[in-house]
Amino acid sequence: MAILSTGPIENNAVSDVRPTQQVTVKIDNRNSLDESVVLIQGYNLTATRTLYVSEQISLAPDQVVTRTYFANLDAFEFVFTVEGVAMEQTEISVWGKNETGQLVAAHRLVSSELEMEGDNTPVNRIYVANFNSNDVSVINGETYTVIATVPVGINPNGAGANPLTNRVYISNQDDNTISVIDGETNTVIATIPVGARPFAVGINP
């Protein structure tokens, strides 16, 4: 489960008109096989935090859903709870619009800009590709002890970690693949064929 938030958005009136009158939410399930579920909650932020939007949406593979909500408020916040097999491939954008339906640039957010709520404690793991033993050592960065050994492809020689998705990518030189490791379970969840003798991995989180 992932919980994303816009954070509090100020929408104070300018010349008696609030910049944003409505909010459009677009949700995109980029997984072609599995579904995801998104709970949308909107809050009116006055002296108290009051729930005024609550809608749960199931997204089929490759489905895109658009919703528009009232937002003519002095301050508001939207929170998205994402679950399901396709959770990590589900993208969300939030767009403020004025009374004529034009976009309000200051009130535009996409998935990478939404705040992650909950436990953000650093994982603090070190991944070492062991070339001759065809595995990866997982080291606890606090105790400097090996806590797991993960079998991968033939002659692994490079590692890259995505801190946003908790995925680790290992280049396997002599079987021309990339192993994808789930950083929570320390197991290989996918093997990706690539070109000849891959040497290093670069991550764009």
Side-chain angles (χ1 to χ4, degrees), residues 1-7 26-39 59-64 79-94 109-205:
M1 179 176 68
I3 301 176
L4 306 172
S5 170
T6 62
K26 187 176 289 289
I27 307 171
D28 172 16
N29 179 4
R30 300 183 178 185
N31 191 306
S32 60
L33 298 175
D34 300 305
E35 69 173 22
S36 61
V37 178
V38 179
L39 173 63
L59 288 97
D62 289 326
Q63 184 179 8
V64 178
V79 177
F80 307 94
T81 303
V82 188
E83 298 182 280
V85 176
M87 175 184 72
E88 293 181 1
Q89 290 82 42
T90 300
E91 299 286 329
I92 301 171
S93 64
V94 181
L109 293 165
V110 296
S111 285
S112 61
E113 298 167 333
L114 294 171
E115 299 175 358
M116 178 72 73
E117 293 191 345
D119 184 5
N120 293 319
T121 304
V123 175
N124 198 2
R125 298 289 184 262
I126 301 163
Y127 296 85
V128 180
N130 301 312
F131 186 81
N132 289 322
S133 59
N134 303 331
D135 55 30
V136 171
S137 297
V138 183
I139 299 172
N140 184 321
E142 293 183 358
T143 63
Y144 302 115
T145 56
V146 174
I147 59 173
T149 301
V150 184
V152 290
I154 300 173
N155 292 342
N157 62 10
N162 187 334
L164 298 183
T165 62
N166 202 8
R167 296 289 184 262
V168 181
Y169 301 88
I170 307 297
S171 56
N172 302 307
Q173 176 178 300
D174 289 333
D175 66 2
N176 306 329
T177 63
I178 301 292
S179 296
V180 183
I181 298 174
D182 183 327
E184 183 175 350
T185 62
N186 289 320
T187 57
V188 173
I189 59 173
T191 301
I192 307 169
V194 292
R197 298 176 67 80
F199 182 73
V201 179
I203 302 296
N204 182 354

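Position 1 is the first residue of the sequence, and the numbers go up from there.
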A.B. asks: Might you point out which heavy atoms bring Ile92 and Leu4 nearest each other, and give the distance in Å?
C.D. replies: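 Heavy atoms only, the tightest pair is CD1-CD1, 4.3 Å.
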A.B. asks: Could you give the distance from OG1 (Thr165) to CE (Met87), rounded to the nearest 0.5 Å?
C.D. replies: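 Answer rounded to 0.5 Å: 10.0 Å.
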A.B. asks: I need the full list of salt bridge (Lys or Arg N to Asp or Glu O under 4.0 Å) pairs touching residues 158-173, with sequence neighbours left out, sorted by first then second residue.
C.D. replies: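 Applying salt bridge (Lys or Arg N to Asp or Glu O under 4.0 Å) to every pair that reaches into residues 158-173, excluding sequence neighbours, yields Glu88-Arg167, Arg167-Asp182.
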A.B. asks: Under a 4.5 Å cut-off applied to non-hydrogen side-chain atoms, are Asn134 and Pro156 in contact?
C.D. replies: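 Asn134 vs Pro156: side chains touch.
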A.B. asks: To the nearest 0.5 Å, what is the distance between CD1 on Ile3 and CZ on Phe80?
C.D. replies: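 The CZ atom of Phe80 is 12.5 Å from CD1 of Ile3, to the nearest 0.5 Å.
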A.B. asks: Below 3.5 Å, can you tabulate the donor-acceptor pairs from side chains in residues 189-205 to any protein atom, sequence neighbours excluded?
C.D. replies:
residue: Arg197; atom: NH1; partner: Asp174; partner atom: OD1; Å: 3.0

A.B. asks: Suppose we screen for side chain to side chain donor-acceptor pair (under 3.5 Å). Which residues come up paired with Asn130, at least two apart in sequence or across chains?
C.D. replies: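 Testing Asn130 for side chain to side chain donor-acceptor pair (under 3.5 Å), a comparison that skips the adjacent residues, returns Asp135, Ser137.
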A.B. asks: Tell me, please, which residues at least two apart from Asn140 pass side-chain contact (heavy atoms from CB on, under 4.5 Å).
C.D. replies: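 In terms of side-chain contact (heavy atoms from CB on, under 4.5 Å), with neighbours along the sequence ignored, Asn140 is linked to Arg125, Glu142, Thr143, Thr145, Ile147.
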A.B. asks: Using atom types as modelled, flag every donor-acceptor pair under 3.5 Å from a side chain in residues 28-35 to any protein atom, sequence neighbours excluded.
C.D. replies:
residue: Asp28; atom: OD2; partner: Arg30; partner atom: NE; Å: 3.2
residue: Asn29; atom: OD1; partner: Asn31; partner atom: N; Å: 3.0
residue: Asn29; atom: ND2; partner: Asp34; partner atom: O; Å: 2.9
residue: Asn29; atom: ND2; partner: Leu59; partner atom: O; Å: 3.4
residue: Asn29; atom: ND2; partner: Ala60; partner atom: O; Å: 3.1
residue: Asn31; atom: OD1; partner: Leu33; partner atom: N; Å: 2.7
residue: Asn31; atom: OD1; partner: Asp34; partner atom: N; Å: 2.9
residue: Asn31; atom: ND2; partner: Gln89; partner atom: OE1; Å: 3.2

A.B. asks: Locate the shortest heavy-atom distance separating Gly153 from Ser179; write the atom from each residue and the value.
C.D. replies: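 It is N-OG, 3.7 Å.
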A.B. asks: Thr81: which residues meet the side chain to side chain donor-acceptor pair (under 3.5 Å) condition with it, sequence neighbours left out?
C.D. replies: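 Counting only residues at least two positions away or on another chain, Thr81 forms no side chain to side chain donor-acceptor pair (under 3.5 Å).
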A.B. asks: Working to the nearest 0.5 angstrom, can you tell me the gap between Ile170 CD1 and Ile178 CD1?
C.D. replies: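 One gets 8.5 Å once the value is rounded to the nearest 0.5 Å.
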A.B. asks: Suppose we screen for side chain to side chain donor-acceptor pair (under 3.5 Å). Which residues come up paired with Thr149, at least two apart in sequence or across chains?
C.D. replies: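 With sequence neighbours excluded, Thr149 shows a side chain to side chain donor-acceptor pair (under 3.5 Å) to no residue whatsoever.
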A.B. asks: On a heavy-atom basis, which atom in Asn162 and which in Tyr169 lie closest, and how many Å separate them?
C.D. replies: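 Asn162 and Tyr169 have their closest heavy atoms at CB-CE1, 4.3 Å.
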A.B. asks: Under the side chain to side chain donor-acceptor pair (under 3.5 Å) rule, collect the residues that match up with Asn157, sequence neighbours excluded.
C.D. replies: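 Per chain and number, Asn157 pairs via side chain to side chain donor-acceptor pair (under 3.5 Å) with Ser171, Gln173.
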